[in-house]
Amino acid sequence: MEKVEKATPFLAGLAVAAAALAGRYGVQAWQAFKARPPKPRMRKFYEGGFQPTMTRREAALILGIRENATPDKVKEAHRKVMVANHPDAGGSHYLASKINEAKDVMIGKTKGGGSAF
């Protein structure tokens with residue numbers, strides 16, 4: 001019976017030490033997790049500026065449609081984007097010209113110089 005009495009405090013001490021080590025490891029892992037740089041889950045906007053001559057890909061990205069969209073889809077997307085960015089409603093003249101240029105590129109109309117800006 002005496003061996004059991006001596007073993008009980010030893011086992012209790014061993015359990016406390018294991019719990020302390022596990023807690024220490026958990027705190028270190030949590031701090032490493034919090035310190036990592038945030039990773040964007042979804043890229044919402046097109047990264048980069050405008051190309052010197054607008055391509056169909058860039059035009060589709062501006063309007064938020066596929067490159068092979070029908071003219072009706074292009075006009076609908078143009079209307080939605082233009083309502084949000086119209087200069088009369090506080091939007092930019094530059095962006096409005098780029099949106100119009102994107103519509104022209106997608107429909108197939110080409111005006112020699114592209115954007116007025």
Side-chain angles (χ1 to χ4, degrees):
M1 196 65 165
E2 193 169 312
K3 284 185 179 181
V4 173
E5 290 175 7
K6 288 183 181 178
T8 303
F10 175 74
L11 290 176
L14 195 60
V16 168
L21 284 173
R24 180 176 165 197
Y25 175 75
V27 167
Q28 288 175 346
W30 176 251
Q31 287 174 346
F33 177 75
K34 284 192 330 187
R36 68 177 171 68
K39 207 175 207 181
R41 293 195 177 134
M42 186 175 91
R43 203 170 81 198
K44 190 172 181 178
F45 299 105
Y46 173 65
E47 293 176 1
F50 295 113
Q51 302 294 322
T53 303
M54 188 173 291
T55 62
R56 280 187 68 80
R57 180 179 183 275
E58 184 180 19
L61 286 169
I62 289 170
L63 295 174
I65 55 176
R66 296 179 185 263
E67 288 183 52
N68 58 355
T70 64
D72 290 335
K73 291 273 187 191
V74 172
K75 289 176 185 174
E76 181 182 334
H78 172 264
R79 192 173 301 114
K80 282 183 183 177
V81 176
M82 202 57 174
V83 164
N85 294 288
H86 199 276
D88 291 347
S92 163
H93 289 279
Y94 177 72
L95 288 179
S97 72
K98 284 298 192 178
I99 294 165
N100 287 330
E101 184 181 357
K103 180 188 83 166
D104 292 341
V105 167
M106 291 299 292
I107 289 178
K109 295 179 187 175
T110 53
K111 298 177 186 175
S115 174
F117 291 94

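The structure displayed is predicted, hence computed values, not measured ones. Numbering of residues begins at 1 and proceeds along the displayed sequence.
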Original post:
What is the distance from atom NZ of Lys103 to atom CG of Leu63, rounded to the nearest 0.5 Å?
Top reply: 9.5 Å

**OP:** Calculate, to the nearest 0.5 Å, the distance between atoms CZ and CD belonging to Arg36 and Gln31 respectively.
**Re:** 14.5 Å

Original post:
Between Ile62 and Glu101, is any pair of side-chain heavy atoms under 4.5 Å apart?
Top reply: no

Original post:
Which pairs count as salt bridge (charged side-chain N to carboxylate O under 4.0 Å, His left out) when at least one residue sits in residues 78-93, sequence neighbours excluded?
Top reply: Glu76-Lys80

Original post:
When rounded to the nearest 0.5 angstrom, what is the spacing between CG in Asn100 and NZ in Lys109?
Top reply: 10.0 Å

**OP:** Could you check if a side-chain atom of Met54 sits within less than 4.5 angstrom of a side-chain atom of Lys98, using non-hydrogen atoms only?
**Re:** yes

**OP:** Check side chain to side chain contact (heavy atoms under 4.5 Å, CB included) between Arg56 and all other residues, then give those that pass, not counting sequence neighbours.
**Re:** Glu67, Val105, Met106

Subject >> Closest non-hydrogen atom pair, Ala59 against Ala102 >> reply: CB-O, 3.6 Å

Subject >> Distance (rounded to the nearest 0.5 Å) between Ile107 CD1 and Thr70 OG1 >> reply: 10.0 Å

Subject >> side chain to side chain contact (heavy atoms under 4.5 Å, CB included) involving Tyr25 - partner list, sequence neighbours excluded >> reply: none

Subject >> Interatomic distance, Thr53 atom OG1 to Glu58 atom CD [nearest 0.5 angstrom] >> reply: 9.5 Å

